[in-house]
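Only a predicted model underlies this, so the values are computations on that prediction, with no experimental measurement involved.
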Amino acid sequence: MPLSAAVLAYIADSALDWYLNKKSPFHQTIQQKPLISKIESNAITFPGGSGNISVAVRGAYGAGGVNDTLKGFTADDTVSFYNPANHDRLLYVWREMHLGIGLTFTELKHDGITVSNAENGTGQTNHTKREETALINMWQDKLFDLGEQYARSLNGLYWGDGTADALGIHGLRHFLVEDPSIGTVGGMNRATAANAFIRNRARTAAFGTKVGTTPALSAHGGDAVTSTPANGGALIQVLQEEYRQLRRYGGNPNCFMAGSDFIGAYETEIRANGNYSERGFTGSQDGAMGPILFNGQRIVYDPTLDDLGLEKRGYWWDDRHIMLAKMDKEWKRTYNPARPHDQFVLHRSITNTGQMVAKQLNSGLVIDIA
């Protein structure tokens, strides 16, 4: 197959006689991806199974008022008993994902590289005096591209709601949603009153509208917050209220990520309500603020939220309750497949097998500023 114009252009750009950067390109668009490190640092493993990751949950206790309360008795009075049967199961289907690259031996020859093992494309060696013409190592550059694209794809999945790819994994926005009174999680319908325990908390415009028509839903949150420094800070006050509710059922929210506008509003409220210097105005002054926190928990800026148009949003959750489940020895596996017998083409692959799972959602919050 002849090389495409794009590939030829890439070869030309990578083999200039005169060049600015000898070893690696100046990367221009690599953003921080804090959600990846947060999720993968707390991942769990599972051995396999028929296709589901099963999580036992309990949202009800007793027997609906039938013989399930303390009652007085005396002497030989007859007493009653009840048989608890209240646990449910959330079921999450584990998924397989793949990302791979391919390139021809011809491209490597243009870059002054020979492949010594033609079966699987290993053992690359440089031609004599290759350094006189080569700008970068094309193969290493392509592998770097694969690594960065893997990180971008994974970051997109972690921030996703699970709808972009029917065979992909769920993301944080599958569990922490704008309107927690609808949708399903792990096969359970959140709209069912008996399943209210799997609803996350929400302070969004969408949920504010829903609460306006169904006031009982206010137990799970309300409208978006109009940030203002007045009266101690509107956003600060709501976060204080939400912190109590997120801990109400044993939660310990320890992950807080937000978009740029959300963090900017919070910074403004802090400054207006007591950001002072111990030196007054003597000496040099620095108007910048350090990392912002709430109750000791750092609110981390994630640029992906800006990319998603969610710069006014924050997500606050307990990473014991929402986590990545990886199949043992099947996460971030790399492959060097043998080349096709009738083509001089190299391939490299990365595969993941697992799923995002949730055990408890009333310890997580979606919050927007208006």
Side-chain angles (χ1 to χ4, degrees), residues 35 39 43-44 46 49-61 64 85-97 156-222 245-246 248-251 253 255 308 310 313 315-327 352-368:
L35 186 61
I39 287 180
I44 61 174
F46 65 98
S50 61
N52 288 328
I53 303 168
S54 179
V55 178
V57 294
R58 180 188 291 266
Y61 299 84
N86 295 303
H87 80 275
D88 291 293
R89 285 200 170 270
L90 299 175
L91 300 177
Y92 303 99
V93 180
W94 53 260
R95 301 296 191 187
E96 299 170 289
M97 293 157 290
L157 288 171
Y158 286 157
W159 271 120
D161 59 10
T163 61
D165 183 352
L167 296 179
I169 65 172
H170 303 313
L172 190 66
R173 293 193 296 141
H174 173 76
F175 302 105
L176 304 181
V177 295
E178 299 176 23
D179 182 356
S181 68
I182 58 175
T184 60
V185 174
M188 294 186 67
N189 188 356
R190 296 197 226 213
T192 304
N195 297 337
F197 66 91
I198 63 168
R199 295 171 183 167
N200 62 276
R201 295 193 59 77
R203 292 278 187 147
T204 65
F207 198 52
T209 300
K210 186 65 72 68
V211 170
T213 58
T214 310
L217 291 175
S218 62
H220 305 288
Q245 296 302 316
L246 293 174
R248 181 174 181 174
Y249 301 107
C255 304
L308 293 170
L310 300 175
R313 175 165 295 178
Y315 288 87
W316 199 6
W317 74 98
D318 186 334
D319 68 3
R320 299 173 305 159
H321 297 161
I322 303 174
M323 68 199 73
L324 172 66
K326 306 185 294 187
M327 185 175 287
N352 289 340
T353 303
Q355 183 58 279
M356 287 284 290
V357 302
K359 299 190 297 182
Q360 184 176 344
L361 291 175
N362 53 22
S363 59
L365 169 70
V366 179
I367 181 169
D368 288 340

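No side-chain heavy atom of D165 sits less than 4.5 Å from a side-chain heavy atom of R95. Here the side chains of H321 and F175 are not in contact, with every heavy-atom distance at 4.5 Å or above. Counting only heavy atoms from C-beta outward, the side chains of M356 and I322 approach each other to under 4.5 Å. Within the 4.5 Å cutoff, the side chain of N195 has no heavy atoms near those of the R190 side chain. With contacts defined as side-chain heavy-atom distances shorter than 4.5 Å, the pair W317/L172 qualifies.
Annotation: the span from R320 atom CZ to I44 atom CD1 amounts to 13.5 Å, rounded to 0.5 Å. Here I367 contributes atom CD1 and L176 contributes atom CG; the two are 12.5 Å apart, rounded to the nearest 0.5 Å. Going from atom CG of D161 over to atom NE2 of H170 covers 10.5 Å, rounded to the nearest 0.5 Å. I198 contributes atom CD1, which lies 8.5 Å from atom OG1 of T192 (distance to the nearest 0.5 angstrom).
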Could you please spell out the steps behind the side chain to side chain contact (heavy atoms under 4.5 Å, CB included) verdict for D368 and R313?
CA-CA 4 Å; D368 288 340; R313 175 165 295 178; 2.7 Å; yes
Give the C-alpha distance, both sets of side-chain angles, the deciding distance and a yes or no for side chain to side chain donor-acceptor pair (under 3.5 Å) between S54 and N52.
CA-CA 6 Å; S54 179; N52 288 328; over 6 Å; no
Going through the checks in order, is the side chain to side chain contact (heavy atoms under 4.5 Å, CB included) test met by F207 and V366?
CA-CA 10 Å; F207 198 52; V366 179; over 6 Å; no
Between R201 and W316, is a side chain to side chain contact (heavy atoms under 4.5 Å, CB included) present by the stated rule, with each step listed?
CA-CA 10 Å; R201 295 193 59 77; W316 199 6; over 6 Å; no
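Under the 3.5 Å distance criterion, the side-chain polar atoms of Q355 are matched with a main-chain donor or acceptor of V93. Looking at Y92, its side chain does come within 3.5 Å of a backbone N or O of A358 through a donor-acceptor pair. Checking side-chain atoms of Q360 against main-chain N and O of Y249 turns up a donor-acceptor pair under 3.5 Å. Checked by atom type and distance alone, the side chain of R173 pairs as donor or acceptor with a backbone atom of W159 at under 3.5 Å. Under the 3.5 Å distance criterion, the side-chain polar atoms of N200 are left unmatched by any main-chain donor or acceptor of L361.
Under the side-chain hydrogen bond (donor to acceptor under 3.5 Å, both in side chains) criterion, D179 pairs with S181, K210, sequence neighbours left out.
By the 30° and 60° cut-offs, the orientation of the rings of W94 relative to F46 is tilted.
The two residues G251 and P253 make their nearest non-hydrogen contact at C-CD, 3.8 Å. Taking each heavy atom of A196 and H220 in turn, the nearest pair found is O-CE1, 3.7 Å. Between C255 and D319, the closest heavy-atom pair is SG-CB, 3.6 Å. The minimum heavy-atom distance linking S363 with L246 is given by the pair C-CD2, 3.5 Å. Annotation for V55 and K359: closest pair CG1-CG, 3.8 Å, computed over non-hydrogen atoms. The minimum heavy-atom distance linking V357 with A325 is given by the pair CG1-CB, 4.2 Å.
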